[in-house]
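Down below is the structure, laid out as structure tokens.
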Number of protein chains: 2
Amino acid sequence: MTEETEAPVVGLLSCVVDEPESQTRAFEQQRRQRDSMMAQDYCELIADLIDAQGEARAVDISRRLGVAHATVVNTIGRLQRDGYVLQQPYRSIFLTEAGRALALECRRRHQIVLRFLEALGIDPETARADAEGMEHHVSEPTLAAFERFIAERKDSP
Amino acid sequence: MTEETEAPVVGLLSCVVDEPESQTRAFEQQRRQRDSMMAQDYCELIADLIDAQGEARAVDISRRLGVAHATVVNTIGRLQRDGYVLQQPYRSIFLTEAGRALALECRRRHQIVLRFLEALGIDPETARADAEGMEHHVSEPTLAAFERFIAERKDSP
DNA sequence: CCTTGAATATAGCATATGCTATGTTTTCCT
DNA sequence: AGGAAAACATAGCATATGCTATATTCAAGG
């Protein structure tokens, strides 16, 4: 059970053995992305709320994200520590320059992914849900390819 | 600051105000996915290692994921508790039926996403990295659309 | 056989993300 | 103005995911 005497399954073996460092890098990148997802989602949402209502309040965020307000307060504190937002107690939440930049960047990615999925023929509800998760994992080259596809599809529908 | 007297930016406003419950659902789904990503990655990797080397050892997993072995041991314990793997102390790691099923499912998704990105013209290294993150967020309808695209692209290159 | 290096396990720690329960502060209506 | 409701803050807890440092077990070579 511990020693394979049989010939290795070459097809799968190559899939696994050929590029282990590449896979390790991919996993590390995935972990890094995961760690910044919260900041991205929050900043994007705060920017949306400010655009839509003129201000962002913790209660709106908690409703939108579906989490308890205590969780939001907690997270906002971390975002403040990390320089993304500014907040006085009992006041509404403001983005710093860094936060605003992050929000714009996220919104851009989000829009591209969303329009790409729709251009692929995905129904809007599904596209919306998938975009929410995917946007954090799509690299620039892939985003560029998505944009190319959107443009093509617009020309020849 | 609190009341927008200007004409609303309809594109963004509608994006935010039209479907708040839909967005909440999307975020909740994202959280659920995040919570099962670890199990998926581990099961997929364990299956790969078993196919390639006949057995999966913690040291291989830690190297592949780029984390400390103590972290792997920790996580494997959780996976065992949740019914995905079986392990005796100091022995190699085995997948349960549930673990094997999860691994197969993940591998399937992974392959579809990877081949889709490649069909889109993404370079293999980028495709690999992006697929690693994206595979956890792509719904069945979107996967189906990806497969359709791969088939189309194969017919008319 | 016995030692030694690799693999594993364990303990103890830190942080992020979530929760509930309980107080405080604002805000808004009468 | 004053009180009720809403928003917010804080405390205390749980879990997942990571780490380092230390001990233990296994397997292989002398």
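Bear in mind the structure is a predicted one, so any value in this text is a computation, not a measurement.
Rounded to an integer number of Å, the gap from CG of A/Asp35 to P of C/dA14 is 18 Å. Taking atom CD of B/Gln87 as the reference point, atom P of D/dT25 lies 15 Å away to the nearest angstrom. The distance from atom OH of B/Tyr84 to atom P of D/dA16 is 12 Å, rounded to the nearest whole Å. With rounding to whole Å, B/Glu55 atom CD is found 14 Å from C/dA6 atom C1'. If you take CZ of A/Arg91 and P of C/dT24, they are 19 Å apart, rounded to a whole angstrom. The CD1 atom of B/Ile61 sits 11 Å away from the P atom of C/dA9 (whole-angstrom rounding).
The pair B/Glu28-B/Arg32 fails the salt-bridge criterion, with no side-chain N (NZ, NE, NH1 or NH2) lying under 4.0 Å from an Asp/Glu carboxylate O. Ion pair B/Glu125/A/Arg25 flagged as a salt bridge, since at least one NZ, NE, NH1 or NH2 atom sits closer than 4.0 Å to an Asp/Glu carboxylate oxygen. The pair B/Arg109-B/Glu140 meets the salt-bridge criterion, since a charged nitrogen lies less than 4.0 angstrom from a carboxylate oxygen. Under 4.0 Å is where a charged nitrogen must lie from a carboxylate oxygen, and between A/Arg31 and B/Asp41 no such pair does.
Side-chain contact annotation: A/Gln33 with A/His136, donor-acceptor N/O pair under 3.5 Å absent.
In this model, the phosphate group of C/dT15 is not approached by any side-chain N or O of A/Arg81 to a distance below 4.0 Å at OP1 or OP2. Side-chain N/O atoms of B/Arg57 include none lying less than 4.0 angstrom from OP1 or OP2 on C/dA9.
B/Val59 comes within 4.0 angstrom of the backbone, heavy atoms only, and of no base.
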Distances for protein N or O near nucleotides 18-21 of chain D N or O, under 3.5 Å:
{"residue": "D/dG18", "atom": "OP1", "partner": "A/Arg34", "partner atom": "NH2", "Å": "3.0"}
{"residue": "D/dC19", "atom": "OP2", "partner": "B/Ala68", "partner atom": "N", "Å": "2.7"}
{"residue": "D/dC19", "atom": "OP2", "partner": "B/Thr71", "partner atom": "OG1", "Å": "2.6"}

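Clustering of Ile, Leu, Val, Met, Phe, Trp and Tyr by side-chain heavy atoms under 4.5 Å joins B/Phe146 with A/Ile112, A/Val113, A/Phe116, A/Leu117, A/Leu120, A/Ile122, A/Met134, A/Val138, A/Leu143, A/Phe146, A/Phe149, A/Ile150, B/Ile112, B/Val113, B/Phe116, B/Leu117, B/Leu120, B/Ile122, B/Met134, B/Val138, B/Leu143, B/Phe149, B/Ile150.
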